[in-house]
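Just dropping this structure here.
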Amino acid sequence: MVIVAEISSVTVGIPQECARLLSSRDVGQGFVRTGWGFRPAHQQSVAVRSIGITERSVRALQSEVSNSRHLNSSGTSNKREMVIATNPCRKTKIVCTIGPSCNTLDMIWKLAEAGMNVARFNMSHGDHESHQKIIDLVKEYNAQCKDNVIAIMLDTKRRTIYYLKIDYLPTEIMGPEVRSGDVAQPILLKEGQVFNLTIKRGVCSDDTVIVNYDDFVNDVEVGDILLVDGGMMSLAVRSKTADTVKCKVIDGGELKSRCHLNVRGKSATLPSITEKDWEDIKFGVDNQVDFYAVSFVKNAKVIHELKNYLKSCNADIHVIPKIESADSIPNLQSIISASDGAMVARGDLGAELPIEDVPLLQEEIIRRCRGMGKPVIVATNMLESMISHPTPTRAEVSDIAIAVHEGADAIMLSGETAHGKYPLKAVKVMHTVALKTELAISSTVEPPIPAPLDQRASLGESSQSHISAMFALHATIMANTLGTPIIVFTQTGSMATLLSHYRPSSILFAFTNEER
């Protein structure tokens with residue numbers, strides 16, 4: 001067994017009765033790939049959070065040590081493979097979007113048992129009152145469950161970006177009911193038809209709908225391709241006036257209320273954080289959430305602005321930018337450097353850029369995050385067909401496996417759990433595929449070598465950080481070689497997070513006296 005302590009707290013003694021497994025956000029629940037803790041195999045869940053060391057967890061730890069000791073006496077057999085086989089713990093985390101299909105305490109429990117690690121709240125749907133009720137349910141689960149915790153993420157996805165609004169619907173309606181297609185009179189768009197988008201209020205007909213964004217006309221140009229509802233329909237801009245954009249339908253379909261509208265290759269001129277977002281952020285601070293997912297981040301400036309605000313509030317919340325804007329791609333390095341991770345939001349990214357670029361960008365973002373020691377989430381359309389069907393397509397299964405194989409720390413479900421018919425089955429499929437893929441990944445791959453000291457210094461890292469990285473690297477190599485788990489004593493969670501960056505093949509246990 002390999003034991004590591006943070007440099008700043010090597011001399012700190014943590015008595016067993018006070019020791020606690022590190023909080024979900026700092027180690028595994030917050031998307032760090034390395035799993036830790038044990039549960040009965042039939043429960044299919046892995047993550048363990050800041051709980052007192054229970055009798056069961058002690059027995060599990062003793063079992064792990066015993067397993068590592070009873071490997072082939074020659075010392076040359078498949079130690080790593082045996083350790084992995086005895087600990088089939090999924091290390092890639094699962095983020096589930098909460099909505100009408102799973103907004104009860106019973107469903108929160110069932111999703112957690114199926115494999116949910118993080119509950120995501122999309123702030124573009126519902127209001128603070130409705131979100132507060134479900135957040136309280138997640139916290140109730142965390143208080144009642146003895147060996148697991150669900151982290152909370154608020155997604156500040158603003159509702160004002162290019163929403164098509166059909167005026168004959170009640171304007172106060174928002175959220176999953178509309179998104180799921182509960183519209184009395186959808187407009188059927190036919191190929192070749194002339195269709196208008198206007199910013200004039202009170203104008204709506206079979207060939208004209210409102211865009212709830214005053215600068216829409218200024219943002220688009222003649223010849224632009226507009227993608228509706230993530231590309232389900234497309235329009236070509238033919239002409240425009242002061243308040244109306246005249247289009248020709250290229251790919252038709254049923255236009256429902258509040259569909260997203262993207263201009264291919266362009267981003268809206270809206271700020272990354274709107275006044276509505278600031279209200280949501282304050283709501284998150286008051287509820288002590290674990291993560292903010294920030295939409296349409298174009299540069300690092302907005303990340304610094306948000307982090308400064310959180311610091312002024314003394315809030316311990318991690319900031320995850322959603323890479324979904326064409327403007328964000330040239331600034332990837334600075335955005336990820338300023339953040340606590342990144343999310344590959346493939347929906348809007350594939351609408352603003354050619355879809356054939358999305359797989360390559362996904363791989364690049366994952367590679368950059370891994371190189372910088374930042375967690376990365378892959379999101380959007382992972383099991384889209386399971387919104388309506390009980391089994392996934394084979395392509396969707398491959399999509400999950402590819403994301404895990406590329407090194408994603410977490411994978412996300414959106415409509416599949418928010419308003420889908422089979423939320424539990426979707427989580428179970430994602431869990432099974434991710435686990436199977438992890439077990440198939442060779443554990444003999446050497447962890448990455450830390451960047452040279454002068455290079456790390458240029459990134460603002462101190463020599464102590466470099467020493468910590470070297471400790472983490474060699475502890476991982478030692479654990480992989482011996483086929484043993486890693487024990488880390490930590491106060492801040494930094495060493496546990498650093499160790500996880502090197503992807504040890506066995507379990508990582510982190511002990512701390514800090515509840516958060």
Side-chain angles (χ1 to χ4, degrees), residues 124 157-166 179 181 183 186-200 203-270 272 295-298 322-332 344-362 364-365 379-381 384 414-415:
S124 66
K157 189 169 185 178
R158 57 186 179 275
R159 62 177 96 251
T160 52
I161 179 164
Y162 288 174
Y163 272 126
L164 298 182
K165 187 171 65 179
I166 303 174
R179 184 177 177 181
V183 178
I187 298 176
L188 181 62
L189 300 183
K190 298 181 179 180
E191 183 179 348
Q193 172 187 345
V194 175
F195 194 76
N196 303 318
L197 307 173
T198 182
I199 61 174
K200 288 172 30 176
V203 177
C204 185
S205 65
D206 289 342
D207 63 359
T208 303
V209 294
I210 293 174
V211 178
N212 191 19
Y213 173 43
D214 291 339
D215 282 333
F216 172 72
V217 177
N218 298 327
D219 278 2
V220 302
E221 302 292 341
V222 174
D224 282 347
I225 301 298
L226 310 181
L227 302 179
V228 183
D229 196 15
M232 295 297 101
M233 294 160 278
S234 60
L235 315 173
V237 177
R238 293 304 185 214
S239 63
K240 63 179 186 176
T241 64
D243 54 26
T244 302
V245 175
K246 297 183 181 297
C247 305
K248 180 180 179 180
V249 177
I250 300 175
D251 298 305
E254 284 192 340
L255 178 64
K256 301 178 182 179
S257 174
R258 300 197 178 192
C259 293
H260 287 284
L261 177 63
N262 300 87
V263 184
R264 175 169 286 168
K266 293 184 178 180
S267 299
T269 56
L270 286 168
S272 290
S295 294
F296 294 95
V297 174
K298 300 177 182 179
K322 297 169 67 177
I323 309 300
E324 55 187 341
S325 164
D327 293 339
S328 66
I329 302 306
N331 302 314
L332 273 180
V344 188
R346 303 179 299 181
D348 286 298
L349 191 61
E352 292 200 4
L353 295 170
I355 56 175
E356 60 269 22
D357 290 349
V358 174
L360 302 177
L361 288 171
Q362 172 178 311
E364 179 183 357
I365 295 167
T380 317
N381 303 133
E384 188 79 2
S414 299

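Along the sequence shown, residues are numbered consecutively beginning with 1.
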Exercise. Counting distance only, does the side-chain N/O of K240 pair as donor-acceptor with the main-chain N or O of V217 below 3.5 Å?
Worked result: yes
Problem set entry | From D348, L361, I365, V297, residue fulfilling side chain to side chain contact (heavy atoms under 4.5 Å, CB included) relative to I323 | I365
Problem set entry | Main-chain N/O of T241 paired with T244 side-chain donor or acceptor, under 3.5 Å | no
Problem set entry | Whether N218 side chain and D215 backbone form a donor-acceptor pair below 3.5 Å | no
For this session: Quick one: pull up CG in D251 and CG in L235 and give me the separation to the nearest 0.5 Å.
Result: 9.0 Å
Problem set entry | Contact check, side chains of V209 and L197, non-hydrogen atoms, under 4.5 Å | yes
Problem set entry | Check: R238 side chain, C247 main-chain N or O, donor-acceptor pair, under 3.5 Å | no
Seminar exercise, completed: Heavy atoms of A351 and L227 approach each other most closely as O-CD1, 3.1 Å
For this session: Measure the spacing between OG of S328 and NZ of K322 and express it to the nearest 0.5 Å.
Result: 12.0 Å
Problem set entry | Closest heavy-atom pair and its distance - E254, L188 | CG-CD1, 4.1 Å
Exercise. Going from CD1 on I250 to CD on E191, what distance comes out if it is rounded to the nearest 0.5 angstrom?
Worked result: 9.0 Å
Exercise. For the side chain of D207 and the backbone of F195, is there at least one donor-acceptor N/O pair under 3.5 Å apart?
Worked result: no
For this session: Take L226 and V220 through the test side chain to side chain contact (heavy atoms under 4.5 Å, CB included) and record every step on the way to the result.
Result: CA-CA 9 Å; L226 310 181; V220 302; 4.0 Å; yes
Problem set entry | From K246 atom NZ to S239 atom OG, the distance as rounded to the nearest 0.5 Å | 6.0 Å
Seminar exercise, completed: Minimal heavy-atom distance between I225 and A236, with the atoms involved, is CD1-CB, 4.0 Å
Problem set entry | 4.5 Å side-chain heavy-atom contact, F296 and E324 | yes
Exercise. Quick one: does E352's side chain have a donor or acceptor within less than 3.5 Å of a partner on L349's backbone?
Worked result: no
Exercise. Mind checking whether I355 and D357 have side chains closer than 4.5 Å, heavy atoms only?
Worked result: no
For this session: State, yes or no, whether a side-chain contact exists between E364 and L332 at a heavy-atom distance under 4.5 Å.
Result: yes
For this session: Ignoring hydrogens and angles, tell me if any N or O in the side chain of T198 forms a donor-acceptor pair with the backbone of D243 under 3.5 Å.
Result: yes
Exercise. Measuring from L353:CG to R346:CZ, what's the distance to the nearest 0.5 Å?
Worked result: 14.5 Å
For this session: Taking the side chain as every heavy atom from C-beta outward, state whether K298 and S325 have any pair of such atoms under 4.5 Å apart.
Result: yes
For this session: Can you see which heavy atom on E221 is nearest to which on D224, and at what distance?
Result: N-OD2, 2.7 Å
